[in-house]
Amino acid sequence: METKQRIINCLRKSRIPMGVENIRVACDIGNWNTALKHCLELFIQGRIKGQKTSKGWVFWVEGDF
């Protein structure tokens, strides 16, 4: 399965917004920067929601919260 689709599926299953490190581990992505890159691309495309906080980015799928 494509990495971006794994991220979307992971976020759909989550009950709370997820940080980049949690997404990286759950989706078995080797590098933190790669996980952030994919998440930001999905965010820009409007496929997921995201917000930058004081501790970094968090992401979720629209409609879950």
Got a list of side-chain donor-acceptor pairs under 3.5 Å for residues 43-54, not counting sequence neighbours?
unit_1 : atom_1 : unit_2 : atom_2 : d
Thr53  : OG1    : Lys55  : N      : 3.2
Thr53  : OG1    : Gly56  : N      : 3.3
Thr53  : OG1    : Gly56  : O      : 2.6

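- How far OG1 of Thr3 is from CG of Leu42: 10.0 Å, rounded to the nearest 0.5 Å.
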Donor-acceptor pairs under 3.5 Å, side chain of residues 26-41 to any protein atom, not counting sequence neighbours: which ones?
unit_1 : atom_1 : unit_2 : atom_2 : d
Asn31  : OD1    : Asn33  : N      : 2.7
Asn31  : OD1    : Thr34  : N      : 3.3
Lys37  : NZ     : Glu41  : OE2    : 3.3
Glu41  : OE1    : Lys4   : NZ     : 2.5

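- The side chain to side chain contact (heavy atoms under 4.5 Å, CB included) test applied to Asn22 returns Met18, not counting sequence neighbours.
- Side-chain contact between Ile16 and Trp60: absent, with no pair of heavy atoms (C-beta onward) separated by less than 4.5 Å.
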